[in-house]
Amino acid sequence: MAAKTLTIDGKQISAFEGATVLQAAEEAGIPIPTLCHLDGVYDIGACRICLVEVEGVAKLLPACTTRVREGMEVRTDTERLRNYRRMILELLFAERNHVCAVCVSNGHCELQTLAYEHGMDHVRYEYRFPKWDLDVTHRLYGMDHNRCILCNRCVRACWHIEGAGTKNVAGRGARAHIISDLNQPWGDSESCTSCGKCVDACPTGALFKKGATAGEMAHNRAKLEFIVTAREKKQWIASE
Amino acid sequence: MVIDDLNAIAEAERAARKKYTLRCCMAAGCHSSNSVAVKKALEQAVKDAGLEDLVEVRGVGCMRLCCQGPLVQVDPDGTLYEKVRPEDSASLVGTLKGGTTHVQKGDPNSPFFTEQLSIVLANSGYIDPERIESYIAADGYRALHDVLREMTPKEVVDEIIKSGLRGRGGAGFPTGLKWGTVAKTESAQKYVICNADEGDPGAFMDRSVLESDPHSILEGMAIAGYAVGANQGFVYVRAEYPLAISRLQNAIKQAKQRGLLGSGIFESPFTFNIDVRIGAGAFVCGEETALMMSVEGKRGTPRPRPPFPAESGLWGCPTLINNVETFANVAPILRKGADWFASIGTEKSKGTKVFALAGKITNTGLIEVPMGTKLRDIVEKMGGGAPDGAPIKAVQTGGPSGGCIPAEALDTPVDYESLASLGSIMGSGGMIVMDDATRMVDVARFFMEFCMDESCGKCVPCRAGTVQMHSLLEKILNREATAADLQRLEELCQMVRDTSLCGLGQTAPNPVLSTLRFFRSEYEELLKKETAHNGEPRAAIR
Amino acid sequence: MSFLDLDEWLVDLAAAVDVVYSPIMDIKEYPENVDVVLVEGAIANEDHVELMHRIRANTKVVVAFGDCAVTGNVTALRNPLGDPENVLQRAYKDAADIAPQYPAEKDIVPRLTPRVTPVHELVKVDLFLPGCPPPAPRIKLFLEQLLAGKGERLAGANIKFG
Ligand SMILES: Cc1cc2nc3c(=O)[nH]c(=O)nc-3n(C[C@H](O)[C@H](O)[C@H](O)COP(=O)(O)O)c2cc1C
Ligand code: SF4
Ligand code: SF4
Ligand code: SF4
Ligand code: FES
């Protein structure tokens, strides 16, 4: 594979052709915040947290879906980007009902962490306080729509790592929400294998293991990574 | 089918013409004001008068002046009858024998008609959209023949490039360039898609073309298929357009029967099939990547570009996607030549544009004018101004992605660049006229509500940002907002425009930004005085 | 309560400031010319609205102190249920065994606002100290900065919700 040289935040780096800006930056130790990105599944560029500026391109581009080009000049940490990121985070907090104090993921939540990193000491937008339900019909897991940020990670994990195809998105705009099968209670889903990969994929406290109380629900991303790496590198096939 | 067969059909069709033709509009506007019954009654009246050998009653497509429908026009003298009722038919037919009628007459020589220049709508109102013979008699499928028998695909692409045709779906991307990219991309399988989603509120240009002249789209798509190397086309139409869908399906069936679609068209090696895909009517499904997801049977949400459809589209194959009106221009360009087309319009915007004229205006309906026509000519001359002579305040173009052009700027020529410089867009052709009773903040709120409801919900800025912008607009309208709220609204506009994934979110702030640009005082008049007692965007106490 | 975890630093604090008003002090009226106020809790009833306006009018630096003041937090859990009537109905009528009635004797119990809001949705707030509760070391840091005259917004590791 051919290598490409580019600069990110003034730092000259090289990356493989076909790598995303996010991968290149990660490789070079330059952090770019992400939310909808999940190692192991394809990217959809939905959360817009990873947007970067590219010299000569008028639009902001998502680092997770933009491929490196030779001579590309990328900026990941400008004032405008930080400002927009904070606004996006505030929009997410205002959109549903995030009550950190009683959330199972308090302290282990990617949304919360990003909010801290971006100096979000309060939300400037009107809280919407929508009414959303809780689905605790599954034997092992629960889904709290109040905390869902529609990153779609659970859907992709369910379809592309587990291959079950249980999780999906229904509705549009602010009424978009995650469903199981044809919008039935999770516990009634016949396709769900109860593998828990969606739960591990979730960045927030929206998907949780039953029995976890406030602050207890840490998601096990390592498990997903292990499976995906093993599959890609065929590590489970015993070598002769 | 060879060229002689095509000529024979055209000849036979022309030979069958009678002394008089009563053209009766059967497009959706007149259709919904009972034109089907009018046509039936006219046929009966002709029979009753014993004039069957002299008079043909022909159902045709849109005759433009929809507000006065059902419309009936008499050939050869061109008398135009408006608001025709079935019970008027006897007296109307009677005029052909020297009788009189009380039916309201329109003036076919009024500027509304004479200022029009028809390329896309040339057949509309003349041919019978349900009969392929009628299209063939109007030189239909001749361009397809000539292209297949006499031109290489590259020559076709070059001709389109030379014509200067730009996409009529909104963004105005050069059509020839797009065709060239798809043609160059190597792939065993390629597709052509006609975007007939037409989701802008108030727009009905594409519907009219499909209802009035469906074969022109099929011919344009087939030519495009030949030029880019595709053998399969799809027309994506919304389910709300049942008449357009049925005419399209009927046209496809007829074209197949005549060998004008299918394999070995005009005895060339070229094969091309077209299928109709019916969308459920989400606005976002007009966005090309969402549309393709929908055609694939998936949830219609946009994805980041690149890759562009021209490289990786339907099922990962190179795909050409153009708007209905874009395709409708193709056959005329190849029939009359790129130079002819390029001689119409302005330097950067060639040809004509169809607009659906609506709002506070005397003549509402469809118009097709050369690019570069002044807005004032459209609104005042052709449209006849506001109904009660009220002053016109602004003209909205581009629907929810567009902007409001103030009356002071009515001398702006209608072309892609001029409209963009005023913060609006050409869009697909909706044109809403507003008089001085219109509150611009209301207009902005209306379009924001539309975008909020139609956001697919995939990306955060659009999904959650439109909700916040909408609530700030409501707060302003309720006189509960402060200058800080207005500032917050402007910040959100910029952010949503700069960070949204697809065109819906990226352009959703346009109606706000453009009304702020020209009518800022209307916002400011609604603001509350700011004191320390005003919090940040305080929830309107409901 | 977390405030009390400040332990002996409270003594230093007491030396540096005059506490002029507190819900647990025997002062009925919020005084004038206050330098700093730490507002705890969300805006949930009409008394809160009135007091908050008085506070804002008479205070230089208004601090939203703790998650309820900053976000609405658990107090705001009633909002998705809509009209406060729904909440009262459930709590005082549906769940009551005997003599179900609202504790709404006029002028005794303040009426609930249509929805619970964070403080900054009602009046301008100068600084925010989230946390449920904000842990003592962070309160100390925050107050120290404030006393030193450089009231700065918190950043990074010093922000924490929940
Ligand atoms: C939200 C959204 C809605 C759109 N709706 C339509 C539509 O209804 N019809 C259309 O032709 N193009 C629509 N477009 C533009 C298409 O994405 C695409 O650019 C167009 O079909 C290309 O055709 P053209 O080059 O012939 O204009 C829409 C774009 C966006 C972002
Ligand atoms: S538990 Fe596994 S199969 Fe079930 S929904 Fe989650 S990811 Fe899909
Ligand atoms: S449930 Fe979790 S993983 Fe799924 S979309 Fe919501 S936040 Fe993302
Ligand atoms: S901008 Fe709006 S419509 Fe487009 S992808 Fe984002 S949420 Fe969907
Ligand atoms: S991580 Fe790139 S858009 Fe979400």
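Throughout, a chain's letter reflects where its sequence line sits, starting with A, and its residues are numbered from 1.
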- Between Ala176(A) and Leu150(A), which heavy-atom pair has the shortest distance, and what is it? O-CD1, 3.6 Å
- Message: Report which part of Asp121(A) has an atom under 4.5 Å of a heavy atom belonging to chain C: side chain, backbone, both, or neither.
- Response: both
- Query: Between Ala64(C) and chain A, which part of the residue has a heavy atom less than 4.5 Å away: side chain, backbone, both or neither?
  - Reply: neither
- Query: Has the side chain of Arg56(C) got a donor or acceptor atom that lies under 3.5 Å from a matching backbone atom of Lys60(C)?
  - Reply: yes
- Proximal component of Pro118(C), with respect to chain A [non-hydrogen, under 4.5 Å]: side chain
- Message: Need one label for Leu129(C): side chain, backbone, both or neither, based on atoms under 4.5 Å from any heavy atom in chain A.
- Response: neither
- Task: Taking the six-membered ring of Trp132(A) (Phe, Tyr or Trp), confirm whether the NZ or CZ of Arg147(A) is under 6.0 Å from its centre and within 45° of its axis.
- Result: no
- Message: Using the ring centroid of each side chain, check whether Phe161(C) and His98(A) are separated by less than 6.0 Å.
- Response: no
